Each structure stands twice: as structure tokens, then as C-alpha cells.
Protein chains: 2
Amino acid sequence: MLNKQSPLPMYYQIEEDIKKRIAKQEFLPGESIPSERALTEMYDVSRMTVRQAVNNLVQEGLLYREKGKGTFIAEAKMEQSLSGLTSFTEDMKRRGLKPGNKLLSFEVKEAGSPLAKKLGMEADERVYEVRRVRLADDVPMALETTYIPYGLMPELTEEHIQQSFYAYVEALGFTIGRAEQAIEAALADEYQAEALEIPLHAALLGIERLTFTTDGRPFELVQSAYRADRYKFLAEIHRN
Amino acid sequence: MLNKQSPLPMYYQIEEDIKKRIAKQEFLPGESIPSERALTEMYDVSRMTVRQAVNNLVQEGLLYREKGKGTFIAEAKMEQSLSGLTSFTEDMKRRGLKPGNKLLSFEVKEAGSPLAKKLGMEADERVYEVRRVRLADDVPMALETTYIPYGLMPELTEEHIQQSFYAYVEALGFTIGRAEQAIEAALADEYQAEALEIPLHAALLGIERLTFTTDGRPFELVQSAYRADRYKFLAEIHRN
DNA sequence: TGTGTATGCTGGTATAGACAACTATATGCC
DNA sequence: GGCATATAGTTGTCTATACCAGCATACACA
């Protein structure tokens, strides 16, 4: 069942196996999975290892525990992984749309005061400024401006941005951690209306996202304006 | 340092102690905390117990680990607990505003098909429908409609809703788990414009929230329309 | 009939130890 | 000086075991 020689940790293999069984409906929502002691025998590992696997699945929301009773399958989620930090591209694919891109500009300029404050840098330091129209099934979906501190990655090119910026960031040795998002509603001005092919004063969903590495350094500020008629922002939140 | 007789688990006491030290700036952002083995000696517990405490703090985002190097203090967050499931009241208090309430209606009616589907009930079952204007510093902030399955809590009154609905739900023995939120932009119609004291076709932020108990049953659907000129939705998200 | 109580299940907490994988520093050699 | 290598320290994974606390059921007794 498990491969003890694999470089993948045992608890991870157990997680994957349980996930697979849930997907295959071997375990159904509301039912309990085998007890920790039973899993210990099934997988021939210690109970602590089983607990580490089950804990991770509880954390993900796939399972929930009840002391004295057992561990149960949670109800299926409305959409796969509503939460989580994803790119526009991933987001659109998940919605079953074909993501696209139109680069409007790619420049390096002085940050200026408000931007510098958000990105944790000095006002006279430089940032990349990338403007794009984001397409879904070839229709304009959002107008997006991305700011990245020049000092963090002086080798950045248009190609990196157009392919997978997050992969590039991680290749540089940074680890992407969390992001803070502010979401607001607004009305389209002339420039936005033209770029997004919508009427003047149509409703827009504005999203500003500041993304941090795991050690807490901001490395990206994205300001987006989504067409309200075509986009809904989905999020999943937890108590505590 | 720790109380081994306390009913509070040791790992929890260790968590609290580390939190306190971070708050007291004994440990500063970017610095490492003592190694797991050092903490083992400091608290006179086993290393697994230390790891359980540290893991929880990593989960909360207060610390981050680097293999082979150590465990470090994360940067302070922009706002306390941006994520997390909170009520309008808590939300407004955190923003430094005085929350208020104007009840428009409180009825029990048949759910109807689309609502029933979201709440996981039959179309001919009944729901509470509560309409309110939510105030912040005595100014209208949002128009809110809440739907609750009648069968789940047949004793519900206006008072419960107006005081602390979540506290009432938990007193009934339910445990509040997660919520799914959809956020979109819209323009104010006549009814909304009047209730919120804004111009017709002003921008609104629409939030629909479906809240679940830990065993996966939906117990509340809230549809809100926030004034875009006064409200921004803040969220924190994590990679994976 | 009903009501304690014993029993055996569940997850929750905790110990002590082991080895692996990774990182930084110091050491010695060329 | 520069470069490989040893070494000590870190987190990551895993074992085997123990006892506690909550829950459900069966059973004996009043």
C-alpha cells in the first residue's frame, strides 16, 4: 500500500491515499473513517504518523474529528479550494475559462511615497510597473497593474511576467507565503471602460493584493479592476 | 514556568508563553526563537510537545520554519486577524466604528427552490427571513437579508438575532465551522438607494455568505449590499 | 421500568528516543 | 587566497508506548 522507501514522507502518502478514497467514494460524507488505531494497522505505521496525516486533512477541511466518537468526512465543498493564493491564470482555469493576456506596458520607475510604503521600501527606490488586460475566453475580464520592487529581482523580464511569475519568484529562492487583499466596488472611468469594453460608469470589482514571502517581505502589489458582469470573487473563511 | 497540574494542555501553555514573549518584544520579527531542543529543556517537556505548540503558531502565521536554520518570528500583521469568520458587529468594532442596527422585517416563509438548494433543504420547508439596515457610526453601511432554516432552530426570536446570533447558535450545541463567500460589484437600485441614503446607480459591494457547522450543515445564508464609498472587504489568504 | 455502572471504543496529550536532511561554520589542504 | 571536507546545530520524519477524557452500549440491580 505505502512505499517505505519513497522519498515522500509516509504521512504524506497516507494523506494522498485517504484523499483518493474519499474521491472514489469509498468513504462518504458524514461517515467516519477507520479509527486511528485501525489506520495504524492498515498502513503499518505508528499512531503519531497517522495523526500527522489526519491532522493535515482536518486542517484542509476534508475531515473533522469528534472526541470519543471518531473522525468523519466533511461535506463536499462547493468549489475545489475556494481559498488559497492563486494566479489569474489558475483562477480562470478553475472556472473553466481560457485565460489570456494583453500586455499594455512594462516599465521601471520610481516608486513614490504611497507605493513605497506598502511595499516596504524607500520612495526613491525603483519598481517594475506592469499593466495588462486579462482575458477570459478572449473577452476582457480585468485591467491589472502589478508593482514589484526592482531591488528584489533586477533580472526580471517581460517573459518572466508573461509566463509564470510565481514560478520565477520561487526559483529565485523566495517562498511565497500569504497575501492581504482589499476588495471594493467602483464605477468604470473612461480609460477602464474602453480597455474592458464596457459602458462608462459600469460596475467594477476592485481588488488590491499585497503578497508576502514567508519571512514577511512584500514582493508584489497587484491592483485589478474586474468587470462586475463577468466576475465574482469567491473566498472561504474559517472560524478563528 | 509551566503548570504541569493544570487542566490546560502543556502545548497550549507553551503557545501562550511564546505569544506573550513576542508581544513583550523579547523575540523580535526576523529573529529566531530558541531551537526546539532548547525549548524542550526550558519547558521541561518532550520535543514532540514543543513541536505541537510551535506547529500551531506556524499555522496561525506568527512563526515560520526554515529547515536546517531555525524557527523565526514573522512580521507583524497589518491588521489583527484579517481572515476569520466574524459578525458585522465585530467587523465594525475592529475598524473603530460604532455598530448599529435597524430591523426592517422578521418573517417565517417558504424557502422556495433556489434558496432551499443553497441551504440544503426542500423547497416547501420554511425559513426565517430577517431584513436589516446595518449602521456604522449611525450612518447606513449595508442592507442585509439573512435566511435561516426554521427546522434547525424553531425557537428563534427577534431578540436572539438582534443580540448575538452566533452565541445563540453555539448555545444550541452547533459548532460554527467555515463559510463560503461570494463578493461582487453592483449598482444600487431604487430600494437600495433609499435604504442606504445614496444616489441611484451608486456602486455597491454585494456579499453573499453561506455559513456551515463543523459537520457541514449550512445554517445561515446572508446577502448583503455594502455602500462602496464606505466599505472595503479585507481578506488574508495563504499559499496552499 | 428505569437507572446506574462497567466496559470498550474513540480521539487528546505526552514521553523518550532515533535517524534523515539541510545549513552554517570551522578546519585543513592545495 | 580559495576550495573541499568535517562537524555541529537545526528542523523533518518516525517509532513504540502510556495514560487521560469523552461517548455509546450492554448489563446488572433496584
Side-chain angles (χ1 to χ4, degrees), chain A residues 1-18 27 30-59 61-74 170 173-175 177 214-215 240, chain B residues 1-18 27 30-59 62-74 173-175 177 214-215 240:
Chain A
M1 176 138 325
L2 299 190
N3 178 0
K4 294 222 176 194
Q5 307 317 317
S6 164
L8 295 172
M10 311 274 301
Y11 71 84
Y12 181 79
Q13 296 183 48
I14 295 172
E15 274 178 56
E16 291 302 310
D17 189 61
I18 295 177
F27 305 140
E31 284 183 5
S32 67
I33 63 170
S35 76
E36 296 179 351
R37 287 166 177 87
L39 291 173
T40 293
E41 289 198 8
M42 281 173 50
Y43 295 117
D44 190 29
V45 296
S46 81
R47 186 166 161 232
M48 291 302 279
T49 304
V50 166
R51 279 183 65 79
Q52 187 168 3
V54 172
N55 275 339
N56 288 344
L57 296 176
V58 168
Q59 198 65 45
L62 256 81
L63 305 175
Y64 62 95
R65 297 175 178 283
E66 288 192 19
K67 199 200 303 199
K69 293 175 74 177
T71 303
F72 303 85
I73 317 287
E170 297 200 314
F174 298 110
T175 318
T214 42
D215 59 356
N240 292 332
Chain B
M1 179 140 321
L2 300 190
N3 179 1
K4 295 222 177 195
Q5 308 318 318
S6 164
L8 294 172
M10 312 271 302
Y11 72 85
Y12 183 79
Q13 296 182 48
I14 295 172
E15 274 177 56
E16 291 302 310
D17 189 61
I18 294 177
F27 305 138
E31 282 182 6
S32 68
I33 63 170
S35 77
E36 295 179 353
R37 282 167 228 283
L39 291 172
T40 292
E41 289 199 7
M42 282 172 51
Y43 294 117
D44 190 28
V45 295
S46 78
R47 187 169 158 232
M48 292 301 278
T49 304
V50 166
R51 279 182 66 79
Q52 187 168 3
V54 172
N55 276 338
N56 288 344
L57 295 175
V58 168
Q59 199 66 45
L62 257 81
L63 304 176
Y64 61 95
R65 296 174 177 285
E66 289 193 19
K67 197 201 300 200
K69 293 174 75 178
T71 303
F72 303 84
I73 317 288
F174 298 109
T175 318
T214 42
D215 59 357
N240 288 331

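First the proteins, then the strands, lettered A, B, ... as listed; each starts at 1. On a predicted model such as this, the values are computed, not experimentally measured, just so you know.
Contact annotation: A:T49 does not reach the phosphate of D:dC14 (side-chain N/O to OP1 or OP2, under 4.0 Å). A close approach under 4.0 Å does occur between a side-chain nitrogen or oxygen of A:S35 and OP1 or OP2 of C:dT10. For A:K69 and C:dG11, the shortest distance from a side-chain N or O to OP1 or OP2 is not below 4.0 Å. In this structure, B:Y11 does not reach the C:dA14 phosphate: none of its side-chain N or O atoms is under 4.0 Å from OP1 or OP2.
When the nearest nucleotides of DNA chain C are assigned to B:D44 and A:G70 by heavy-atom distance, the more 5′-ward of the two goes with A:G70. Nucleotides of DNA chain D nearest to A:Y12 and A:R37 differ in position, and the one nearer the 5' end is that of A:Y12.
Put simply, OH on B:Y64 and CD1 on B:I73 are 9.0 Å apart, with the number rounded to the nearest 0.5 Å. Here the straight-line distance linking atom CG of B:L57 with atom OG1 of B:T71 works out to 10.0 Å at 0.5 Å rounding.
Checking C:dA14, D:dT15, D:dT13 against every side-chain atom of B:S46, the shortest atom distance belongs to C:dA14. Picking from C:dG12, D:dT11, C:dA14 the nucleotide with the shortest atom distance to the side chain of A:R47 gives C:dG12. Checking D:dC14, D:dA16, C:dG12 against every side-chain atom of A:M10, the shortest atom distance belongs to D:dC14. Taking only side-chain atoms of A:R65, from C-beta outward, the nucleotide of D:dA16, C:dA21, C:dG12 with the closest atom is C:dG12.
The distance from atom CG of A:L63 to atom P of C:dT10 is 16 Å, rounded to the nearest whole Å. Atom CD in A:E36 sits about 11 Å away from atom P in C:dT13, given to the nearest Å. Atom P of nucleotide D:dG12 and atom CD of A:Q52 are separated by 10 Å, given to the nearest angstrom.
Taking a cutoff of 4.0 Å between a charged side-chain nitrogen and a carboxylate oxygen, B:R47 and B:E41 do not qualify as a salt bridge.
Looking at residues two or more places apart in sequence or on another chain, you find a side chain to side chain donor-acceptor pair (under 3.5 Å) between A:K69 and A:E66.
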